[in-house]
Amino acid sequence: MPRYSRTLIILHWAMALLILAAWLTSEGGRQVRLNPPMLHFSLGLSVLLLVVPRLIARWWGSKLRIEDPQGPWLNLAAKIGHAVLYLFMIGLPLTGWYAASRMGVSVSFFGLSLPALTAPVQGPAGPIAEIHQTGGTIVLFLAGLHSIIAFWHHFVLRDGTMQRMNPI
Ligand code: HEM
Ligand code: HEM
């Protein structure tokens with residue numbers, strides 16, 4: 001059974017854990033201004049940092065990419081689904097960073113101060129912050145759906161899809 005490269009497998013599972021941890025450490029509204037969730041910022045920014053080597057590793061290994069014998073439509077659907085997940089891995093940290101800047105909260109990555117992405121405002125943080133809050137929860141649903149499909153492949157279709165991402 002062909003497998004994803006070791007780098008992609010490690011990054012896949014590390015990022016799944018980071019996204020879950022970012023979600024668990026998230027806070028909204030007033031609380032963010034009063035007591036900024038620095039761990040949330042650092043975990044979320046780790047996703048942004050790791051998506052770069054992950055995309056490079058994916059592009060590098062593109063010739064090894066696995067094509068399923070399940071028909072072109074399902075292959076296309078899987079590709080679009082994975083692309084949407086990548087969009088969230090990039091878009092969520094960036095909108096979160098922007099939201100924090102708009103709230104006047106300084107952002108740091110495990111102690112390293114980062115510049116603000118926009119000028120702070122008084123009052124509501126605006127639509128980008130709302131998109132971030134909603135997107136932060138939507139990603140969990142999408143990842144849940146993605147893992148249900150993976151388990152479907154494993155237990156029902158028994159086609160070894162899960163084996164490709166097996167870290168052991
Ligand atoms: C994969 C990464 C991330 C996920 C899954 C995520 C998820 C979330 C969620 C679910 C909320 C809403 C919490 C609530 O309303 O109780 C939230 C709020 C927030 N997050 Fe993130 N986040 C991520 C990355 C980041 C990053 C990198 C930053 C900043 C550098 C950030 C800054 C914020 C801020 C400022 C809020 C409050 C927004 C508001 O109240 O209007 N997030 N995040
Ligand atoms: C328990 C949770 C998860 C399970 C069981 C799981 C399982 C898998 C499996 C079996 C594959 C290989 C699919 C194939 O070859 O067609 C895969 C690929 C992939 N998964 Fe997950 N996954 C989980 C969580 C996540 C999360 C949280 C994300 C990101 C938000 C994610 C993003 C991806 C992407 C983008 C791919 C395509 C290959 C790549 O570019 O690395 N997965 N996943």
Side-chain angles (χ1 to χ4, degrees), residues 1-5 7-33 36-51 54-59 61-62 65-68 70 74-75 77-109 114 116-117 123-154 159-167:
M1 171 56 62
R3 277 184 179 217
Y4 286 94
S5 69
T7 315
L8 268 180
I9 293 176
I10 291 170
L11 287 172
H12 174 269
W13 293 112
M15 285 171 79
L17 290 178
L18 283 169
I19 290 168
L20 181 66
W23 185 79
L24 288 173
T25 54
S26 68
E27 278 164 24
R30 246 167 61 84
Q31 193 54 32
V32 177
R33 284 192 166 103
M38 288 303 176
L39 187 57
H40 175 68
F41 298 170
S42 298
L43 292 167
L45 288 167
S46 308
V47 173
L48 185 64
L49 193 75
L50 291 179
V51 81
R54 183 165 173 182
L55 281 170
I56 294 172
R58 200 174 199 274
W59 174 74
S62 59
R65 207 166 303 142
I66 302 139
E67 290 295 338
D68 280 316
Q70 60 182 2
L74 284 179
N75 276 338
K79 274 194 184 124
I80 293 172
H82 292 159
V84 168
L85 289 174
Y86 275 108
L87 207 69
F88 275 84
M89 290 183 256
I90 298 166
L92 265 181
L94 285 177
T95 51
W97 187 353
Y98 184 93
S101 309
R102 236 177 117 79
M103 293 167 117
V105 172
S106 49
V107 171
S108 64
F109 178 63
L114 298 177
L117 291 186
I128 302 280
E130 280 169 28
I131 289 173
H132 176 77
Q133 281 183 303
T134 317
T137 298
I138 289 178
V139 76
L140 271 210
F141 281 102
L142 289 180
L145 181 66
H146 165 78
S147 68
I148 288 171
I149 296 172
F151 285 117
W152 170 266
H153 275 276
H154 187 69
D159 59 3
T161 300
M162 199 69 115
Q163 205 47 38
R164 301 167 183 175
M165 259 318 164
N166 188 348

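All ligand and atom numbering here is 1-based and tracks the order in the structure.
Scanning the protein for heavy atoms near atom 5 (C) of ligand 1, the closest one is Leu92 CD1, 3.8 Å. Looking only at heavy atoms of the protein, atom 24 (C) of ligand 1 is closest to His132 CE1, 3.6 Å. Of the protein's non-hydrogen atoms, Gln133 CG, 3.9 Å is the one closest to atom 38 (C) of ligand 1. In this structure, atom 3 (C) of ligand 1 lies nearest to the protein heavy atom Ala22 CB, 3.8 Å. Residue, atom and distance of the protein heavy atom nearest to atom 36 (C) of ligand 1 are Glu27 O, 3.8 Å. Ranking protein heavy atoms by distance to atom 16 (O) of ligand 1, first place goes to Gly28 N, 3.5 Å.
For atom 1 (C) of ligand 1, the candidate residues are Thr134, Val32, Val47; the nearest heavy-atom contact is made by Val47. With His40, Met38, Gln31 as candidates, the residue nearest to atom 6 (C) of ligand 1 on a non-hydrogen basis is His40. The residue from Met89, Arg3, Arg54 that puts a heavy atom closest to atom 34 (C) of ligand 2 is Arg54. Among Pro124, Gly96, Gly126, the residue whose heavy atom lies closest to atom 29 (C) of ligand 1 is Gly96. Closest to atom 27 (C) of ligand 1 by heavy atom, among Leu45, Leu20, Ile90, is Leu45. Nearest-heavy-atom check against atom 32 (C) of ligand 2 across Leu55, Leu85, Leu140 picks out Leu85.
Per-residue contacts place Ala129 under 4.0 angstrom from the following atoms of ligand 1 (heavy atoms of the residue considered): 41 (O). Which parts of ligand 1 touch Trp23 is read off a 4.0 Å heavy-atom cut-off, strictly below it: atoms 10 (C). With ligand atoms numbered from 1 in the order given, ligand 1 contributes 35 (C) to contacts under 4.0 Å with heavy atoms of Ala100. Close approach to Gly44 involves these atoms of ligand 1, each under 4.0 Å from a residue heavy atom: 2 (C), 24 (C), 27 (C). Contact atoms of ligand 1 toward Gly136: 7 (C), 10 (C) (distance under 4.0 Å to a heavy atom of the residue). The distance from ligand 1 to the heavy atoms of Trp97 drops below 4.0 Å at these ligand atoms: 28 (C), 29 (C), 30 (C). Residue-ligand proximity, Ala16 to ligand 2, at heavy-atom distances under 4.0 Å covers atoms 27 (C). Of all atoms in ligand 1, listed by their number and element, those nearer than 4.0 Å to a heavy atom of Ser26 are 8 (C), 9 (C), 10 (C), 11 (C), 13 (C), 17 (C), 43 (N). For ligand 1, the atoms closer than 4.0 angstrom to any heavy atom of Gly29 are 39 (C), 40 (O). The ligand atoms of ligand 2 that sit less than 4.0 angstrom from a heavy atom of Ser147 are 1 (C), 2 (C), 3 (C), 4 (C), 5 (C).
A pairwise comparison of heavy atoms in Leu8 and Arg58 identifies CD1-CA, 4.0 Å as the closest pair. Heavy-atom minimum distance, Met103 versus Gly29: CE-O, 3.6 Å.
Where the criterion is an N or O separation shorter than 3.5 Å, residue side chain and backbone included, His82 fails it with respect to ligand 2. Geometrically, ligand 2 and Tyr4 share a nitrogen or oxygen pair separated by less than 3.5 Å. Any N or O atom pair closer than 3.5 Å counts here, and Arg164 shares at least one such pair with ligand 2.
Distances from ligand 2 to the non-hydrogen atoms of His153 include no value under 4.0 Å. Residue Met15 places no heavy atom under 4.0 Å from ligand 2. In this structure, Tyr86 has a heavy atom closer than 4.0 Å to ligand 2.
Under 4.0 angstrom from ligand 2, the non-hydrogen atoms of Trp13 all belong to its side chain. With a heavy-atom cut-off of 4.0 Å, His154 does not touch ligand 2 at all. Contacts between Ile19 and ligand 2, counted as non-hydrogen atom pairs separated by less than 4.0 Å, involve the side chain only. Heavy atoms of Met162 found under 4.0 angstrom from ligand 2 belong to the backbone as well as the side chain. Only side-chain heavy atoms of Met103 come within less than 4.0 Å of ligand 1; its backbone N, CA, C and O stay farther off. Only side-chain heavy atoms of Ala150 come within less than 4.0 Å of ligand 2; its backbone N, CA, C and O stay farther off.
In summary, of the residues considered (Ile19, Leu20, Thr25, Leu24), a side-chain contact (heavy atoms from CB on, under 4.5 Å) with Leu43 occurs for Thr25 alone.
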Practice problem: Evaluate the side chain to side chain contact (heavy atoms under 4.5 Å, CB included) criterion for residues Ile9 and Arg3: first the C-alpha distance (whole Å), next the side-chain angles of each, then the deciding distance (0.1 Å), finally the verdict. | Solution: CA-CA 9 Å; Ile9 293 176; Arg3 277 184 179 217; 4.3 Å; yes
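The shortest side-chain heavy-atom distance between Leu114 and Phe41 does not fall under the 4.5 Å cut-off. With a 4.5 Å cut-off on side-chain heavy atoms, Val139 and Leu92 count as touching. Counting heavy atoms from C-beta on, the side chains of Ile10 and Pro167 never come closer than 4.5 Å.
A distance of 8.5 Å separates CE of Met15 from CG of Leu48, quoted to the nearest 0.5 Å. Here Leu117 contributes atom CG and Leu94 contributes atom CG; the two are 7.5 Å apart, rounded to the nearest 0.5 Å.
Geometry about atom 21 (Fe) of ligand 2 gives an angle of 180° between NE2 of His12 and NE2 of His146, rounded in steps of 10 degrees.
Pairs of residues two or more places apart, or lying in two chains, that qualify as ring pair (Phe, Tyr, Trp, His ring centres under 6.0 Å) and include a residue from residues 80-101 are His82-His146.
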